[in-house]
Amino acid sequence: MMKLRTEDLTRTFRIGSSEITAVDKVTFEVNEPAFVAIVGPSGSGKSTLLSLIGLNDYPTSGKIFIDGADSSHFSAGQRRKMRLRQMGFVFQTFNLLPTLNALENVELPLALAGKPRREQKEKAVGLLELVGLGKRFLHRPKELSMGEMQRVAIARALANDPEMIIADEPTGELDSKTAKEIITLLFDINKKDNRTVIVATHDEKVVDVADATYVIQDGKLRLEK
């Protein structure tokens with residue numbers, strides 16, 4: 001499994017003459033396959049923290065260690081490879097390509113990883129069946145419900161067998177019944193597959209099943225449970 005540790009992680013943004021601190025000296029670690037919830041109001045720094053952890057952004061100061069290695073020493077190519085092969089990402093707005101059907105959306109990261117064409121299709125079909133969309137894989141996003149689109153996004157996140165799933169408000173656009181189904185799916189990914197799942201959320205149902213809950217406010221993180 002992937003081990004994650006941050007030390008005094010800070011990210012500031014300059015807007016005109018003002019400086020905004022979105023993440024403020026955050027130190028935490030995940031050393032086992034856990035289901036971790038990060039909660040806080042809009043603008044508290046949740047998404048920025050996930051972007052840093054997922055190596056999609058660079059900290060202003062502080063460190064991110066992946067399996068003991070200082071990520072500040074990673075090249076751009078190493079960061080891309082880690083995001084592609086070791087991390088899976090799930091977003092509130094799904095981020096599916098509208099011109100591709102469900103199967104093709106899930107195949108995409110497999111293609112980027114250089115997997116053979118037959119393996120791409122077999123793996124994508126299996127993952128869509130896993131998330132309950134075995135009969136919908138030829139449908140494009142506009143032909144799917146929001147819950148179905150999120151299931152496609154989760155299948156895509158799992159395509160390259162990542163050690164860590166990073167989900168930013170994965171239930172934010174969903175009704176309560178569908179949200180519960182998505183939470184159960186993420187919970188099963190953590191418990192049955194021994195993958196770390198880190199979820200930024202407003203959803204109390206996520207907190208209820210989390211092994212650890214952190215609260216972020218004004219960029220500062222504290223352990224709640």
Checklist entry - With respect to E107, which candidate in R156, K123, R117 satisfies the side-chain contact (heavy atoms from CB on, under 4.5 Å) definition? => result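 Among the candidates, only R117 passes.
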Item to check | Worked verdict on M2 versus I66 for side-chain contact (heavy atoms from CB on, under 4.5 Å) | outcome: CA-CA 7 Å; M2 177 182 289; I66 305 292; 3.9 Å; yes
Any side-chain to backbone donor/acceptor pair from [X] onto [Y]? Under 3.5 Å, distance only.
| X | Y | answer |
| --- | --- | --- |
| N160 | P162 | no |
| D57 | L52 | no |
| E163 | R195 | no |
| E122 | E119 | no |
| R140 | A102 | no |
| Q150 | P170 | yes |
| S75 | Q78 | yes |
| R151 | V131 | yes |
| T93 | N95 | no |
| S44 | P41 | yes |

Do the side chains of [Y] and [X] get nearer than 4.5 Å, heavy atoms only?
| X | Y | value |
| --- | --- | --- |
| L55 | M87 | yes |
| D188 | L186 | no |
| K63 | D8 | no |
| F35 | T196 | no |
| V209 | I183 | yes |
| V30 | K3 | no |
| L130 | I154 | no |
| V90 | D168 | no |

Item to check | Intermediate values then yes/no, salt bridge (Lys or Arg N to Asp or Glu O under 4.0 Å), D203 and K180 | outcome: CA-CA 10 Å; D203 195 332; K180 185 175 180 180; over 6 Å; no
Next on the checklist: Between T10 and D24, is there a side-chain donor-acceptor contact under 3.5 Å, judged purely by atom types and distance?
Outcome noted: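 There is no such pair between these side chains.
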Checklist entry - Is the closest side-chain donor-acceptor distance between S72 and D70 under 3.5 Å? => result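 The criterion, which ignores hydrogens and geometry beyond distance, is satisfied for D70 and S72.
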Other residues, nucleotides, ligands: >12 heavy atoms within 6.0 Å of [X] [atom1]:
| X | atom1 | value |
| --- | --- | --- |
| E19 | CD | yes |
| K81 | NZ | no |
| K205 | NZ | yes |

Checklist entry - Would a hydrophobic clustering, with Ile, Leu, Val, Met, Phe, Trp and Tyr connected at side-chain separations under 4.5 Å, put Y214 with V26? => result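 Y214 clusters together with V26.
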Next on the checklist: Hydrophobic clustering (ILVMFWY, side-chain heavy atoms < 4.5 Å, transitive) - are M149 and L108 grouped together?
Outcome noted: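 Hydrophobic grouping puts L108 apart from M149.
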Next on the checklist: Quick check with a 6.0 Å cut-off and a 45 degree axis cone: is R79 positioned over the face of F74's six-membered ring?
Outcome noted: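 No, R79 does not lie over the aromatic ring of F74.
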Checklist entry - If you round to the nearest 0.5 Å, how far is CD of E7 from OG of S61? => result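 Separation between the atoms: 12.0 Å.
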Checklist entry - Going from CG on N56 to CZ on R80, what distance comes out if it is rounded to the nearest 0.5 angstrom? => result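 Nearest 0.5 Å value for the CG-CZ distance: 12.0 Å.
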